[in-house]
Amino acid sequence: MPEIRTRFAPSPSGFLHIGGARTALFNYLLARNLGGKFVLRIEDTDRERSTPESIQAILDSMEWLELAWDEGPFYQSERSAEYQPYVQRMLDSGAAYRCTCTPEQVDAMRKEAKAAGRRPGYNGSCRNRTDIAATDPHVVRFRTPDDGQTGVKDLIRGGVLFENTEFDDFVICRTDGTPTYNFVVVVDDAEMRITHVVRGEDHLSNTPKQILMYHALDLSVPEFAHVPLILGTDGSRLSKRHGATGVTAYRDMGYLPDAMNNYLARLGWSHGDQEIFSRAELIEHFSLDHVGSSAGVFDPEKLEWVNFQHLKELPSSTLASEVKPLIEERQWPLPGDDGWLAKAVATVQERAKTLVELVNSIKYYFVDEIEFDPKAVAKHLAKARPALLTDLADQLAGVEDWSEPNIEDVFQYVLTKHELKLGKLAQPVRVALTGGSVSPGIFEMAAVLGKDRVLARLQAAIPLAEGTD
RNA sequence: GUCCCCGUCGUCUAGCCUGGCCAAGGACACCGGCCUUUCACGCCGGCGACACGGGUUCAAAUCCCGUCGGGGACACCA
């Protein structure tokens with residue numbers, strides 16, 4: 001059995017969107033699962049639309065998702081010399097012919113066909129001409145069969161039959177000499193010895209044309225698998241108006257690459273009831289057999305949940321290193337070493353769905369100028385008796401070993417002394433230490449904050465306490 | 001318009017190929033409860049689907065036909 005080879009072949013006319021990322025992922029997973037190779041090829045034959053920025057965006061996205069390719073990236077724009085011999089071969093064998101019809105003329109044919117209720121297309125007027133010289137301005141068209149059918153064997157949806165009369169003689173080489181997509185993709189996939197072409201369903205109707213060319217060129221036809229498209233919430237194809245569709249936008253929003261891969265894989269593919277997969281599990285279990293054939297709706301809420309599942313399984317030291325750049329970005333001081341940071345992030349590890357959300361929720365660990373939430377102050381701090389907080393601060397000051405259990409002991413002591421329930425003390429203290437009424441557990445938070453800062457914040461808050469009962 | 005693909009809870013899906021184990025399972029979201037120092041987490045429970053109509057069969061989500069609905073393709077774009 002020959003080596004399994006898959007490929008991802010995006011056209012660089014924008015960022016890598018969700019759908020493209022999933023196609024890349026499926027190709028990557030299939031290759032890894034089968035022990036094959038994954039090739040990256042940039043389809044930039046359209047010079048007008050292809051931009052260096054797009055290429056970079058695609059590369060960045062793939063790197064972020066850690067979809068490592070084994071070969072490439074190959075650029076079609078650099079391979080034009082490769083294609084000419086194939087065009088010549090088809091010209092020589094009569095599989096293709098020269099055509100001098102102008103785009104305007106072809107356009108008219110299309111309108112005419114449409115008006116007559118036929119599929120719009122070229123009418124073949126240059127098919128049998130022999131008077132066109134290679135030097136005349138012309139395109140090269142592929143001569144499609146006048147009858148018969150072409151079947152596509154698709155690994156996801158089975159056999160699909162197309163009537164050859166459905167196809168007009170399409171252009172494989174433009175007037176300027178550059179080859180077009182449907183032709184180039186055949187040559188490239190053949191030359192790169194791709195065994196499995198996994199791509200979006202929007203390519204399904206191109207496939208029979210390509211198969212016809214494989215035959216005309218006497219090349220072996222690869223396996224095809226057309227994965228269903230990803231839709232927006234309203235059921236139409238995912239686009240900008242559905243919100244963020246570029247993969248890197250999710251990186252910037254604080255999603256983990258493995259979470260993104262997990263979510264994307266599960267959108268259209270399944271392995272029983274399992275929802276959460278590590279990269280290794282994805283590779284181990286992925287197979288085209290379990291890729292569904294119906295389109296799926298992209299659900300940001302589920303993505304969020306998947307991200308949360310991955311986030312909470314991260315070792316706190318790893319989480320800390322993910323979070324560190326975000327802290328620097330915000331120019332917050334780091335009052336401790338990496339070990340301290342790990343402890344700090346551990347307190348909110350199960351309280352945030354994204355890295356960004358997580359970082360933004362713990363500004364008080366870094367910045368000593370507390371931003372008080374007026375409502376929280378009014379509701380909790382202002383109602384506390386100054387004596388209570390003073391008492392707590394005094395007791396806390398005497399703690400030698402600043403640890404969670406010791407802090408808790410002090411709280412218990414003060415609570416008993418004042419005959420109060422924890423809530424009556426914890427909430428005012430929470431506001432004093434963080435400025436708000438929401439935070440991790442009061443003891444663990446205080447432990448992370450450190451004795452000096454806790455005492456300082458308590459002292460600073462006492463004037464705000466105006467309770468009398 | 002023509003051709004192609006698709007159709008299980010709001011969403012992602014299991015089941016469909018190889019009919020009976022399905023009075024259709026899991027997950028997200030939503031609702032309620034428990035836990036509780038806040039917020040979360042967690043746990044328990046609830047809501048909720050085989051698009052429709054025929055047919056085949058002792059038996060159909062599963063097989064066949066039709067209808068309807070959604071999507072895609074018909075470029076000197078990819």
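The figures that follow rest on heavy atoms only: side chains count, while hydrogens, waters and symmetry mates do not. Everything numeric here is computed off the predicted structure, so don't read it as measured data.
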Between K209(A) and A73(B), does any side-chain N or O lie under 4.0 Å from OP1 or OP2?
-> no
Mind checking K421(A) for me? I need base, sugar-phosphate or nothing, with any heavy atom below 4.0 Å counting as a touch.
-> nothing
How is F170(A) classified with respect to the nucleic acid when contacts are heavy atoms under 4.0 Å: base, sugar-phosphate, or nothing?
-> nothing
Check ring-ring contact (aromatic ring centres under 6.0 Å, His included) between F277(A) and all other residues, then give those that pass, not counting sequence neighbours.
-> W269(A)
Produce a footprint string for nucleotides 61-68 of chain B: one letter per nucleotide, 5' end first; B if the base is under 4.0 Å from any protein heavy atom, S if only the sugar-phosphate is, - if neither.
-> --------
Got a sec, which pairs hit salt bridge (charged side-chain N to carboxylate O under 4.0 Å, His left out) with one end in residues 196-213 of chain A, sequence neighbours left out?
-> R157(A)-E201(A), D202(A)-R237(A)
With a non-hydrogen cut-off below 4.0 angstrom, is L425(A) in contact with a base, only sugar-phosphate, or nothing?
-> nothing
Distance-only donor-acceptor pairs under 3.5 Å for side chains of residues 308-316 of chain A, two or more places apart:
residue : atom : partner : partner atom : Å
H310(A) : NE2  : N262(A) : OD1          : 2.7

Contacts of Y97(A) meeting ring-ring contact (aromatic ring centres under 6.0 Å, His included) (sequence neighbours excluded), chain-then-number -> none
Pairwise P distance for C12(B) and C50(B), with rounding to whole Å = 16 Å
With rounding to whole Å, what would you report as the distance between G54(B) and A73(B) at their C1' atoms?
-> 32 Å
Residue list, side chain to side chain donor-acceptor pair (under 3.5 Å) with S77(A), at least two apart or on another chain = D44(A)
Could you give the distance separating G70(B) and C47(B) at their P atoms, to the nearest angstrom?
-> 31 Å
Is it true that F142(A) and F183(A) have ring centroids separated by less than 6.0 Å?
-> no
Please evaluate the base of C76(B) for a donor-acceptor partner in the side chain of T175(A) within a cut-off of under 3.5 Å?
-> yes
Hey, does T45(A) reach any base, or is it just sugar-phosphate, or nothing, if we go heavy atoms under 4.0 Å?
-> sugar-phosphate
C41(B) and U62(B), which share atom name C1', separated by this distance in whole Å = 40 Å
Classify the side chain of N206(A) versus the base of A78(B) as yes if they form a donor-acceptor pair under 3.5 Å and no if they do not.
-> yes
Side chain R351(A) and base C39(B) donor-acceptor under 3.5 Å = yes
Given salt bridge (charged side-chain N to carboxylate O under 4.0 Å, His left out), test R98(A) with D136(A) step by step and report yes or no.
-> CA-CA 9 Å; R98(A) 299 192 175 96; D136(A) 294 337; over 6 Å; no
Sugar-phosphate, base or nothing in reach of R430(A), heavy atoms under 4.0 Å = base
Remember a base hit wins even if backbone is also touched, and classify L204(A) as base, sugar-phosphate or nothing at under 4.0 Å, heavy atoms.
-> sugar-phosphate
In chain order, what residues pass the side chain to side chain donor-acceptor pair (under 3.5 Å) check against E371(A), with sequence neighbours excluded?
-> K363(A)
Could you name each residue pair satisfying salt bridge (charged side-chain N to carboxylate O under 4.0 Å, His left out) that touches residues 350-361 of chain A, not counting sequence neighbours?
-> R351(A)-E444(A)
Using atom C1' of each nucleotide, how far apart are C9(B) and G46(B) to the nearest Å?
-> 14 Å
Using a heavy-atom cut-off of under 4.0 Å over every strand shown, decide if H226(A) touches base, sugar-phosphate, or nothing.
-> nothing
What does F443(A) touch in the nucleic acid at a heavy-atom separation under 4.0 angstrom: a base, only the sugar-phosphate, or nothing?
-> base
Partners meeting side chain to side chain donor-acceptor pair (under 3.5 Å) with H380(A) (sequence neighbours left out) | Q427(A)
Write down the distance separating the C1' atoms in C65(B) and U56(B), rounded off to the nearest Å.
-> 11 Å
Under 4.0 Å between any heavy atoms, over every strand shown, what does C101(A) touch: base, sugar-phosphate, or nothing? Just pick one.
-> base
In terms of ring plane angle, is the pair Y255(A) and Y250(A) parallel, tilted or perpendicular, where the classes change at 30° and 60°?
-> perpendicular
Tell me whether C41(B) sits syn or anti, counting syn as a glycosidic angle within 90° of 0.
-> syn
State which residues pass side chain to side chain donor-acceptor pair (under 3.5 Å) with E163(A); sequence neighbours excluded, sorted by chain then number.
-> Q149(A)
How far, in whole Å, is G20(B) from A24(B) if one measures between their P atoms?
-> 15 Å
Within a radius of less than 6.0 Å around NZ of K451(A), do more than 12 heavy atoms belonging to other residues, nucleotides or ligands occur?
-> yes
Check whether any side-chain nitrogen or oxygen of R41(A) sits under 4.0 Å from OP1 or OP2 of A78(B), and answer yes or no.
-> no
Separation between the P atoms of U11(B) and U57(B), rounded to whole Å | 35 Å
Given that P440(A) and Q274(A) both sit by RNA chain B, which one's nearest nucleotide is further toward the 5' end?
-> Q274(A)
Which class fits the ring pair Y214(A) and F224(A): parallel under 30°, tilted 30 to 60°, perpendicular over 60°?
-> perpendicular
Pairs under 3.5 angstrom, nitrogen or oxygen only, protein versus nucleotides 13-19 of chain B, please.
residue : atom : partner : partner atom : Å
U13(B)  : OP1  : G268(A) : N            : 2.4
U13(B)  : O3'  : S270(A) : OG           : 3.3
A14(B)  : OP1  : S270(A) : OG           : 2.9

Looking for any heavy atom pair under 4.0 Å, which part of the strands does S293(A) touch: base, sugar-phosphate only, or nothing?
-> sugar-phosphate
G-U wobble or Watson-Crick pairing nucleotide for C58(B) (cut-off 3.5 Å, both distances) = G20(B)
Base, sugar-phosphate, or nothing: which does V139(A) touch, judged by heavy atoms less than 4.0 Å apart?
-> base
Between the protein and nucleotides 28-31 of chain B, which nitrogen or oxygen pairs come in under 3.5 angstrom?
residue : atom : partner : partner atom : Å
C28(B)  : OP1  : W305(A) : NE1          : 3.3

